[in-house]
Amino acid sequence: MIDLKDLRENPDRYRTGAQRKQVPVDIDRLLELDSSRRETLSEQETLRAEQNRLAKETGPKIGPLMGQLKKAEGADKDRLQAEIDAIKAAPAALKEKIQSLEGTLKVSEDEFRSLLLSVPLPPDEDVPVGKTADDNVELRRWAPAGWDYDKSFEENKGFKPKTHIELCDSLGLVDFPRGVKLAGTRSYVLTGMGMRLHQAVLRYAIDYMSDTNGFTPMSVPVVVKEEAMVGTGFFPGGREQAYHVDEVSRGSGHDLFLTGTGEVGLMGLHQDEILDEDDLPKQYVTVSTCFRREAGAAGKDTAGLYRIHQFDKVEQVVICPSDETVSREWHRRMIGFVETFLQSLALPYRLLQCCTGDLGVKNADMIDLECWMPGRGEPDADGVPTGEFGETHSASRLYDYQCRRLNMRYRAGGEGGQGTTTFCHSLNNTVAASPRILIPILENYQNADGSVTVPEVLRPYMNGIETIG
RNA sequence: GGAGAGGUGGCAGAGCGGUUGAAUGCGCCGGAUUCGAAAUCCGGUAUGGCCUUCGGGUCAUCGGGGGUUCGAAUCCCCCCCUCUCCGCCA
């Protein structure tokens, strides 16, 4: 959520921001609703003040009079009743006015709230303006010794590459038909060494973030209340992307939603809390199963492990004080963690500065990391793919947008501090999403004989196995 | 899932229709006392919104939502959560 006060003062900043992000939102309508709302609110407040004043004044009088009324008879009773009615008349009139204003407020409340929630965080000035992912800017690329981006896979390795789908099939790593039988399109079953490799990457990623980088490992719910989805900024915009568990129609008080990333659980942890500044930054890492409906992606990446409804992801989040410099520094570091991670796996990758149109509502800045996938891309003359980068990581910097929605603040000055409360800043980044990351692993580690070498850092997690197949 | 009890400020815990944003204790902050500390004493100690001549004013909030009433922490309804017992169970 954006800062409403700032919106009032700098509406153009938000108009431009929304425009650059290609998010249609009627800022003028929001401002209009805000001002009429405040007008009604202050009118109502004045009446309430008067009502409270009267209540304090007449309260002690009415009580005894009511008591006397019970015992009184005849003319005395009529006189007392008249007196009570006279006292009640003024507040009763106020009550009617207040209720009528309440009605006025209710009419626009829903529209106001949903408009406010849908105003995107303006992208930072140093984020390149662009419309789609095609306008993203490559920052740099890295490759392990023995890999040259200017040469084809065959020139680099001496044989034509297989796609991960072919490898999974020939090595018995994934059973796609049975996955589809069980759960429909975009479903799969990891089998044997496929499952072990999947578990190995995830566990390696968790250990790396915990042991080497000081993150606290967590297991968090993946089925959450709507509040958590709205709070983390995935709703209302991404409602279509989430699986919805309808519990209300079965008599429960609230529906549930399956999370599409561990970020929801990790960030939701401190919803409605005031943290101690001394406890910041919070560095959390989780591995969680992620569920995505992939609505609107029909026909895109339908084969293989690239775009699927369910996967497991190790995700890192950082909650830090409200300071742009600190938050930018964390962004760099979190990207650094992933680069070191990928370098330890010797996977070729590149960094992309996402353009404004590719950011999504809650980000001020986003860096994507793409691994080289030899089995993707246009086919050559022999029908063998020529390779392509594929997104495996995404590092977001959100300022206080998410923490505002989550109502997550901290108090300056440490324990018992006297400082005022401030919304925290938050950041998140993938560490490893599997099985997608198995694609570059399998494709880059394949051998001429059709086997796949297990990356050295993963061998301890696979009982020392060096080769699959 | 069934039966019962309960959700009040950072914590514990009163209040159960009338000047209650809320007693009391603990904690915390400031001060006094002290060479210093403990103890003691005094004062202060929620969050958010709106308005402001920046002194302050005002409204809302006692799990959440709705209702009754001139007036609700207190009464009614729905929901959520916690605890105890029973049942079921990875």
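Quick caveat, the model's predicted, so the values are computed rather than measured. Below, read A as the first sequence line, B as the second, and so on, with proteins coming before strands; counting in each chain starts at 1.
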What interatomic distance, in whole Å, is found between C1' of B/C79 and the corresponding atom of B/G10? 28 Å

Any pair counted as salt bridge (Lys or Arg N to Asp or Glu O under 4.0 Å), so long as it reaches residues 300-310 of chain A, sequence neighbours left out: A/Glu294-A/Arg307, A/Asp301-A/Arg307, A/Asp301-A/Arg376

Heavy-atom donor-acceptor pair, A/Gln271 side chain to A/Gly231 backbone, under 3.5 Å: no

Quickly work out the A/Asp255 CG to B/C79 P distance and round it to whole Å. 15 Å

Whole Å only: how far is the CD atom of A/Glu39 from the P atom of B/C51? 11 Å

Contacts of type ring pair (Phe, Tyr, Trp, His ring centres under 6.0 Å), residue A/His425, not counting sequence neighbours: A/Tyr399

For the P atoms, the ones on B/U24 and on B/G44, what distance do you get once it is rounded to whole angstrom? 11 Å

On a whole-Å scale, what distance lies between the P atoms belonging to B/C26 and B/G65? 34 Å

Check the side chains of A/Thr191 and A/Asp175 for a donor-acceptor pair under 3.5 angstrom, ignoring hydrogens and angles. no

Please report the distance, rounded to the nearest Å, between CE in A/Met1 and C1' in B/G49. 12 Å

Pairwise C1' distance for B/A46 and B/C29, with rounding to whole Å: 15 Å

Looking only at atom P, what distance separates B/G7 and B/G63, rounded to whole Å? 8 Å

Syn/anti label of B/G21 as read from its glycosidic torsion, with the cut at 90° from 0: anti

I'd like to know if the side chain of A/Gln402 pairs up with that of A/Ser426 as donor and acceptor (distance under 3.5 Å, no hydrogens or angles considered). yes

Non-neighbouring partners of A/Phe235 that pass ring pair (Phe, Tyr, Trp, His ring centres under 6.0 Å), sequence neighbours left out: A/Phe257

What does A/Arg8 touch in the nucleic acid at a heavy-atom separation under 4.0 angstrom: a base, only the sugar-phosphate, or nothing? sugar-phosphate

For atom CG of A/Leu94 and atom P of B/C59, their distance in whole Å: 13 Å

Would you kindly give the CD-to-P distance between A/Glu227 and B/G65, to the nearest whole Å? 11 Å

What orientation do A/His309 and A/Tyr243 show, parallel under 30°, tilted 30 to 60°, or perpendicular over 60°? perpendicular

Which residue, A/Arg53 or A/Asn407, contacts RNA chain B at a nucleotide closer to its 5' end, judged by nearest heavy atom? A/Asn407

Between B/G48, B/C50, B/U47, which one does the side chain of A/Ile274 approach most closely? B/U47

Report yes if at least one side-chain N or O of A/Thr421 is closer than 4.0 Å to OP1 or OP2 of B/G48; otherwise report no. yes

Using distance alone, with no hydrogens and no angle criterion, decide if A/Thr261 and A/Lys313 have a side-chain donor and acceptor under 3.5 Å apart. yes

Whole Å only: how far is the CD atom of A/Glu247 from the C1' atom of B/C81? 16 Å

Residue A/Arg48, side-chain atoms from C-beta onward, closest of B/C50, B/C80, B/A60: B/A60

For the C1' atoms, the ones on B/G13 and on B/A22, what distance do you get once it is rounded to whole angstrom? 13 Å

Pairs: protein N or O with nucleotides 69-78 of chain B N or O, under 3.5 Å:
{"residue": "B/G71", "atom": "OP2", "partner": "A/Lys95", "partner atom": "NZ", "Å": "3.4"}

Please tabulate, for the side chains in residues 455-469 of chain A, all donor-acceptor contacts under 3.5 angstrom to protein atoms that are two or more places apart in sequence or on a different chain.
{"residue": "A/Arg459", "atom": "NE", "partner": "A/Val454", "partner atom": "O", "Å": "2.9"}
{"residue": "A/Arg459", "atom": "NH2", "partner": "A/Val454", "partner atom": "O", "Å": "2.9"}
{"residue": "A/Tyr461", "atom": "OH", "partner": "A/Asp207", "partner atom": "OD2", "Å": "2.8"}

Taking only the C1' atom of each, what is the distance from B/A73 to B/A60 in whole angstrom? 14 Å

Should A/Arg37 be listed as having a side-chain N or O under 4.0 Å from OP1 or OP2 of B/G49? no

Without decimals, in angstroms, what is the distance between A/Gln44 CD and B/C51 P? 15 Å

Taking only the side-chain nitrogens and oxygens of A/Arg411, find out if one of them lies under 4.0 Å from OP1 or OP2 of B/G10. no

Among B/G48, B/C51, B/C81, the one nearest any side-chain atom of A/Arg38 is B/C51

Under 4.0 Å between a Lys/Arg side-chain N and an Asp/Glu carboxylate O for A/Asp6 and A/Arg13? yes

Less than 4.0 angstrom from a charged side-chain N to a carboxylate O is my criterion; do A/Glu277 and A/Lys282 meet it? no

The correct list of stems in which RNA chain B takes part (3 or more consecutive Watson-Crick or G-U pairs, distances under 3.5 Å) is B:1-7 with B:80-86, B:10-12 with B:24-26, B:27-32 with B:40-45, B:46-51 with B:56-61, B:63-67 with B:75-79

Is there a side-chain polar atom (N or O) of A/Asn52 under 4.0 Å from OP1 or OP2 of B/U58? no

Could you give the distance separating B/U74 and B/U82 at their P atoms, to the nearest angstrom? 23 Å

Distance in angstrom units between A/Arg409 CZ and B/G48 C1', rounded: 7 Å

